[in-house]
**Student:** 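If you scroll down you'll find the structure; I have some questions about it.
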Amino acid sequence: MTKDKIFNWRFCLCCGIFIWFVLNLLQGIFTEIQEDEAYYAQYGEYLAWGYFDHPPMVGLMTFLSSIFFSGTLGVRFFTIVASCLSLLIIWKIATYNSPIDSNRPTYLSRNDMGDADSILSTFNSKLPTDSKLSTLNSKLFLIIAFSIVMFNIYGFVTTPDVSLILFSALFLLVYQHYLQDNTWKNALLMGLTMALMVYSKYHAFLLLGLIVLSNLKLLKDGKFWIACLLALALLTPHLLWQVNNGFPSFRYHLAGRNEAFKWSYFLEYLPNQLLIFNPFTFGAVVYVLIKSKKTSSPPIDSFQRTSLPRNDMHGKLVFERGLKFILIGFFFFFWLMAFRGHVEPHWTIVCVIPMVVLVYRKTLVDEKLRKYTKFVILPSLLLVLTLRILLLTPLADRYGYHGKEKYYMAIEQVAGDRPVVSRGSFQQPALYHYFTGKESSTLQSYYDRITQYDLWQFDKAWIGKPVFICGHVDGRSETYQVGDVKIEGFLTNDFSSANRLVTTFEIINASSDKTPVFHHGDTIRVDFSIYNPCEAPIDFHHKDFGMVIKAHYLPGNAFSYCFYKDIGIIESKTSYHGQFYTIVNEEIPLGEHLFNLGIGDRISAFVTEESGVKIKIEP
């Protein structure tokens, strides 16, 4: 290949990545912050070795972005950089030891192949280098990569998936090198990238497991185990954080997201996957997988003429098998997860790496697929570009990319300098803090999931102080009109909440059975203790936040009222000890329940699920 052609392909690739950077930079500046991004931006303000929802990498990325920029780029800049790096590394994976040599590839027919030994001995020239890649090949790669819808979104939107894609690609590149040159250097780099993946998102464990399943010989490889030990050592700070905080992330992801099965969760999965990956590109992936399955072993005719030695050819085949395991494994694993609740479409986004690599490699040797890429996938980029433009318009309101700032600035006008307390969702306090820079938090109800705010517990410092309660509270809320924006809530000069109280209890009239049995109409008697960890006293007779104890039967919404001696004020750092009884009413369903003590304070209903006692209600 001439120097001009070498320059052309490199120039084409660099231009593509530069355009990607500029496009994402402009989109990142002019697209309004998304609610999850505001949440992750607050991670960056409180750096830690872990967070309730995710490992710490996303917080580090927003922190680094905020050092150099304010506004949206203060959250997104390193996401944009990471996306460009991911693109470059995926290219390196796709072209590693690549036999690509011209704009018009040659083929090995099956009749010409003979046995693998004769083929491998025929190709005795030097390994091809990236200098042999053509301009056409870099264009094909960019078309395929740019066609992935969610890869476009994560080119500028900050989520944990951005760093997961980056470090997964880096791990796969190192793993690819390791298969052909299993040196200590590559093994240690593999351990480092393993840790970086896990620090990004826990889905990294699934990717690593699939790689091992695709190459079980790794289990007999001492260097691989050293790499795993290195990764474990690097993850020690995060593991200690989990231990010190009661493993909140693991409990949430392994059990806290379980929901009752719905057919809609199962049926919506495939259409969602088609949308986030681009249905036209997804179709190309299916074609590649089917064609590769029909190829006899060794599948040398899936490449152009090559001079790879036997061990390199073996490494290439093992690596591609790993890519297919990731692609198929992620897809079906999360489809099965639809049986335990809703599956977010982007949970499979790491599949963008094997998708781009496998489709790109196949286009180099498959004329039909190359034409399909040119006449179907390439025009679909116009649809992707249209979607990106729509995110800048009011049409993106329903997806959280437009129209929020006005509402939260209106809340600020009502609240003034008071902290704002909402209930349930983490999005509202995160967005309020992002747009105004002022204090905000949320109070958990039994019906809401725990969030990072329950670990930060900002509201503990506001007990007895003025705050604005944002949201509807029966008999107390007012409507505030700020321009054309209506805000519901109320101002109080003496905030109080049951959310941070620590409760323990014991059923004192339980049967001797392993699981106590009760019947409708039975009385359950309980010894209980309530500890106030706040710096101010908690008044159970507060005029705005009066508190009441209820017995909850989880899972579900069933509860029964409790009868106990009057509880007045629990002073700071002190405990109240008492007894109550409750009657199992007819509305409590039969079967097993997790009996728990809950405290309601008009704006939240706090239940400590982990302290529950398993009981059984029988006829």
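In this text the structure is predicted, and so the values were computed from the model without any measurement. Computed over heavy atoms, backbone and side chain alike; hydrogens, waters and symmetry mates excluded.
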**Student:** Just grab all the salt bridge (charged side-chain N to carboxylate O under 4.0 Å, His left out) pairs involving residues 144-172, residues at least two apart or on different chains.
**Tutor:**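 Residue pairs with at least one partner in residues 144-172: D161-K201.
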**Student:** Quick check, are the ring centers of F151 and H346 under 6.0 angstrom apart?
**Tutor:**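 Ring-ring flag for F151/H346: false, centres at least 6.0 Å apart.
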**Student:** Of all residues at least two apart in sequence or in a different chain, which pass the salt bridge (Lys or Arg N to Asp or Glu O under 4.0 Å) check with D36?
**Tutor:**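 Salt bridge (Lys or Arg N to Asp or Glu O under 4.0 Å) list for D36, sorted by chain: empty.
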**Student:** Sequence neighbours excluded and cut-off under 3.5 Å, please list the side-chain donor-acceptor pairs for residues 384-395, or say none.
**Tutor:**
unit_1, atom_1, unit_2, atom_2, d
T386, OG1, L382, O, 2.7
R388, NE, Q27, OE1, 3.0
R388, NH1, N24, OD1, 3.4
R388, NH1, N152, OD1, 2.9
R388, NH2, N24, OD1, 2.5
T393, OG1, L390, O, 2.7
T393, OG1, L395, N, 3.3

**Student:** Classify the ring geometry between F331 and F282 as parallel (under 30°), tilted (30 to 60°) or perpendicular (over 60°).
**Tutor:**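 Correct class here is tilted.
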**Student:** Go through L235 and Y199 one step at a time and tell me if the side chain to side chain contact (heavy atoms under 4.5 Å, CB included) criterion holds.
**Tutor:** CA-CA 8 Å; L235 289 168; Y199 270 124; 3.6 Å; yes
**Student:** Mind checking whether Y202 and H54 have ring centres under 6.0 Å apart?
**Tutor:**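 For Y202 and H54, the ring centres are not under 6.0 Å apart.
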**Student:** For Y51, enumerate each residue passing the side-chain hydrogen bond (donor to acceptor under 3.5 Å, both in side chains) test, keeping only those at least two apart in sequence or located in another chain.
**Tutor:**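 Result, side-chain hydrogen bond (donor to acceptor under 3.5 Å, both in side chains) vs Y51: none returned.
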**Student:** Quick one: does L208's side chain get under 4.5 Å of F171's, heavy atoms only?
**Tutor:**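 When only atoms from C-beta onward are counted, F171 and L208 do touch, with a gap below 4.5 Å.
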**Student:** Looking at residues at least two apart in the chain, or sitting in another chain, which of them share a ring pair (Phe, Tyr, Trp, His ring centres under 6.0 Å) with Y561?
**Tutor:**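 Result, ring pair (Phe, Tyr, Trp, His ring centres under 6.0 Å) vs Y561: F559.
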**Student:** Applying side chain to side chain contact (heavy atoms under 4.5 Å, CB included), name anything that partners E32, two or more places apart in sequence or on another chain.
**Tutor:**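 Once residues adjacent in sequence are excluded, the partners of E32 under the side chain to side chain contact (heavy atoms under 4.5 Å, CB included) criterion are K404, E405, F435.
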**Student:** Centroid separation under 6.0 Å, is that true for the rings of F333 and F330?
**Tutor:**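 Ring centres of F333 and F330 not closer than 6.0 Å.
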**Student:** Determine whether the aromatic ring centres of residues Y265 and Y269 are separated by less than 6.0 angstrom.
**Tutor:**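 Here the rings of Y265 and Y269 have centres that are no less than 6.0 Å from each other.
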